[in-house]
Amino acid sequence: MHGDFSRRTHRPEDHYLAVVSQQGRVLLDAESNEQADLRLAADRSLAADLIGRHGGPGDGFKVAYRAESEGEKASLTIAAGRYYVDGIAVDATRPEAPPAVGAVEGPPPADTREGTGAGPWTYWDQPHAHRDLERDADELPSGPFLAYLRVHDRLVTAVQDPRLRETALGSALPDTTARVRADWQVLPLELAEEQQRDPAAAFAEWVAEQQDRTCRLAARAERPARAEDDPCLVAPDARYRGPENQLYRVEVHRGGVAGEATYKWSRENGSVVLPLTAVDGAWVTLEAMGRDDGLTVDVGDFVEVGDDASVGRGEVFDLPQVVEVDLPGRRVRLSAEPDPTVGRQPAHHPYLRRWDQLERRRRGAPGMEGGAVQLVEGQWLDLEDGVQIHFGPGGRYASGDHWSFAARTLTGAVEWPTDAVGRPLLERPAGVVHHYAPLAWVSGGEALDLRRVFTQLTA
């Protein structure tokens with residue numbers, strides 16, 4: 001989650017039950033967030049223990065196939081209701097907008113597009129998948145396929161939902177808290193001919209491959225060889241030499257194996273996100289330039305242009321650099337024009353996210369590719385101020401895999417798990433964690449229901 005956090009302290013292996021406040025103590029965001037994580041984990045564990053890997057009551061997420069017709073591409077209808085995947089409750093109920101002022105009384109409109117009625121979602125208009133009728137790659141397969149449900153948690157800030165801002169706080173409209181939402185997508189999976197004899201078993205094998213996270217990372221702080229020894233800046237024996245407490249985030253940009261994959265990093269957990277209001281060639285206009293000089297963008301910064309659609313589709317673009325800043329106009333000029341498919345639709349909440357990797361020009365440093373750093377395994381890699389990371393050998397990396405760790409000026413170190421003699425341990429990524437469930441096997445124009453349905457206790 002790219003939030004502005006001091007640190008993340010929830011560790012499932014500790015099996016804590018609750019956070020307990022003590023009188024006269026400082027309450028930090030980490031404690032409140034850990035309590036939320038504990039409650040969410042407990043609720044989902046209970047639901048998974050009772051329901052199993054997936055299941056739900058009634059017709060929630062029941063899929064029906066709609067064949068291609070004149071002027072319309074093949075589609076799926078997704079029935080309203082709840083379904084549970086690994087204990088995560090997801091809801092396909094379409095919100096019904098209130099009637100417009102002056103609307104004629106009577107039955108609701110016949111179409112079921114968002115905001116016009118409470119009918120079922122379809123494959124093409126489901127809220128978090130952002131399927132595009134103009135893209136051939138988004139079309140449903142012509143042959144048999146398995147329709148499945150993919151679920152993951154997403155942090156929603158005031159950038160994605162401006163209603164979270166409290167206007168009573170002033171004209172600057174500062175953001176306050178964020179939200180966690182379970183985003184869901186219904187997607188097709190084509191199977192080989194020999195796998196079609198048992199689609200459910202083939203799907204289970206495919207899910208195991210998707211969830212097999214082989215990549216590992218370790219982090220530490222080591223005093224740089226040419227460190228500044230001014231005790232007014234930092235303790236002489238400090239390994240972490242930064243002037244401020246930070247929450248570092250290392251995130252895979254392009255996936256693959258070592259030599260193919262790249263990564264990016266942020267000292268602010270990737271939370272420097274500025275709403276984008278217009279794109280004009282390489283110039284982009286921002287809603288605001290950030291809260292202060294440390295939480296804005298400057299010449300030389302690598303930035304990511306994204307929106308709800310690019311996130312939902314899992315798209316990865318090159319990271320351009322900021323080459324010019326127009327403060328009065330709240331504009332920045334980038335080294336390249338953003339991809340034409342991203343950042344142009346206000347309804348998709350476009351944004352500019354800052355990353356903090358630097359161009360390494362010294363001998364032996366990893367190179368850059370598309371604004372991200374080439375991923376090298378088996379050696380300690382410098383970030384900044386003594387902070388180093390190490391990718392374990394033999395990893396397969398997926399875009400979005402990430403690790404975060406706190407760096408503290410008082411201890412002059414980073415907070416990372418170590419073994420008995422203090423050596424940093426290799427850890428799996430914290431996310432993104434996707435959860436999967438089969439919904440239907442579609443063949444010959446018919447959809448065979450693969451959901452697991454249970455009856456409510458009071459039914």
Side-chain angles (χ1 to χ4, degrees), residues 53-86 88-96 108-152 154 181-192 195-196 198-200 202-204 206-207 210 308-309 311-315 348 434-453:
R53 291 294 302 272
H54 63 91
D59 290 335
F61 283 91
K62 185 174 183 179
V63 167
Y65 181 71
R66 191 171 67 198
E68 182 176 0
S69 61
E70 185 177 354
E72 290 191 3
K73 295 185 176 181
S75 183
L76 303 171
T77 58
I78 305 163
R82 278 188 302 279
Y83 204 68
Y84 293 82
V85 184
D86 292 336
I88 302 172
V90 287
D91 198 321
T93 303
R94 182 193 287 270
E96 185 170 4
D111 69 63
T112 57
R113 290 173 296 176
E114 186 174 4
T116 61
W121 295 103
T122 72
Y123 170 77
W124 291 106
D125 69 0
Q126 53 183 306
H128 309 306
H130 297 280
R131 303 290 92 181
D132 189 342
L133 284 162
E134 302 300 321
R135 296 193 187 200
D136 293 341
D138 285 351
E139 293 183 10
L140 292 171
S142 57
F145 65 91
L146 190 145
Y148 69 93
L149 178 62
R150 186 175 73 179
V151 182
H152 75 279
R154 184 187 179 192
R181 184 180 68 201
D183 280 10
W184 59 267
Q185 300 176 351
V186 174
L187 302 171
L189 175 66
E190 292 187 90
L191 300 176
Q195 295 176 310
Q196 296 178 14
D198 191 348
F203 179 74
W206 179 80
V207 169
Q210 304 304 307
D308 291 345
V311 171
R313 299 172 63 87
E315 294 174 323
H348 290 167
H434 288 101
H435 306 265
Y436 303 87
L439 296 179
W441 173 246
V442 180
S443 178
E446 299 293 330
L448 174 65
D449 194 5
L450 298 180
R451 297 173 309 129
R452 296 174 178 172
V453 181

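For clarity, every value in this text was computed on a predicted model and none was experimentally measured. Values below: every heavy atom of this structure, side chains too, minus hydrogens, waters and symmetry copies.
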- Start with the C-alpha gap between W206 and Y148, add the side-chain angles, then the distance that decides, and say whether ring-ring contact (aromatic ring centres under 6.0 Å, His included) holds. CA-CA 11 Å; W206 179 80; Y148 69 93; 5.1 Å; yes
- Message: Let's go through R135 and E315 carefully: what are the C-alpha distance in whole Å and the side-chain angles of both, what is the deciding distance for salt bridge (Lys or Arg N to Asp or Glu O under 4.0 Å) to 0.1 Å, and is it a yes or a no?
- Response: CA-CA 14 Å; R135 296 193 187 200; E315 294 174 323; 2.8 Å; yes
- Hey, mind stepping through W184 and H128 against side chain to side chain contact (heavy atoms under 4.5 Å, CB included) and telling me if it holds? CA-CA 6 Å; W184 59 267; H128 309 306; 4.0 Å; yes
- Criterion side chain to side chain contact (heavy atoms under 4.5 Å, CB included) on K62 and R451, from CA distance to verdict: CA-CA 7 Å; K62 185 174 183 179; R451 297 173 309 129; 3.7 Å; yes
- Query: Checking side chain to side chain contact (heavy atoms under 4.5 Å, CB included) for the pair T77/V63: CA distance, chi angles, key distance, verdict?
  - Reply: CA-CA 6 Å; T77 58; V63 167; over 6 Å; no
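Put simply, CG on L187 and CG on L146 are 11.0 Å apart, with the number rounded to the nearest 0.5 Å. A distance of 5.5 Å separates OH in Y436 from CZ in R150, rounded to the nearest 0.5 Å. Taking OG of S75 as the start and OH of Y123 as the end, the distance is 8.5 Å to the nearest 0.5 Å. Distance CG/D449 to CH2/W441: 14.5 Å, rounded to 0.5 Å. Atoms NE2 and CG, on H152 and D183 in that order, are 5.0 Å from each other to the nearest 0.5 Å. Within the model, atoms CD of Q210 and CG of L189 stand 8.5 Å from one another, a figure rounded to the nearest 0.5 Å.
Nearest approach of G81 to F61, heavy atoms of both residues: O-CE1, 3.7 Å. Residue A447 comes nearest to V442 through the heavy atom pair CB-CG2, 4.2 Å, listed as atom of the first residue, atom of the second, then distance.
Looking at residues two or more places apart in sequence or on another chain, you find a side chain to side chain contact (heavy atoms under 4.5 Å, CB included) between A182 and I88, V90, V151, D153. Partners of E68 by side chain to side chain contact (heavy atoms under 4.5 Å, CB included), not counting sequence neighbours, listed by chain and number: A74.
Side-chain contact between L439 and L450 is absent, with no heavy-atom pair separated by less than 4.5 Å. Looking at L191 and P199, their side chains come closer than 4.5 Å, going by heavy atoms from C-beta outward. Counting only heavy atoms from C-beta outward, the side chains of V186 and L76 approach each other to under 4.5 Å. Residues H130 and D308 are in side-chain contact: their nearest non-hydrogen atoms beyond the backbone lie under 4.5 Å apart. Residues Q185 and Q126 have side chains in contact (heavy-atom distance under 4.5 Å, counting atoms from C-beta outward).
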Show the atom names and distances, to 0.1 Å, of all donor-acceptor pairs under 3.5 Å that link a side chain in residues 136-143 to residues at least two apart or in another chain.
| from | atom 1 | to | atom 2 | distance (Å) |
| --- | --- | --- | --- | --- |
| D138 | OD1 | R131 | NH1 | 3.4 |
| D138 | OD1 | R313 | NH2 | 3.3 |
| D138 | OD2 | D132 | N | 2.9 |
| D138 | OD2 | R313 | NH1 | 2.7 |
| D138 | OD2 | R313 | NH2 | 3.3 |
| E139 | OE2 | K73 | NZ | 2.8 |

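Proximity of a side-chain donor or acceptor of E446 to a complementary backbone N or O of S443 within less than 3.5 Å is not detected. A donor-acceptor pair under 3.5 Å is absent between the side-chain atoms of E190 and the main chain of F145, judged by distance alone.
Between the side chains of H54 and Y83, at least one donor-acceptor pair of N or O atoms lies under 3.5 Å. A side-chain donor-acceptor contact under 3.5 Å links D86 and H435.
By the neighbour-count criterion of 12 heavy atoms within 6.0 Å, atom CZ of R181 is densely surrounded, having more than that number from other residues, nucleotides or ligands. For CZ of R53, the number of neighbouring non-hydrogen atoms (other residues, nucleotides, ligands) closer than 6.0 Å is 12 at most.
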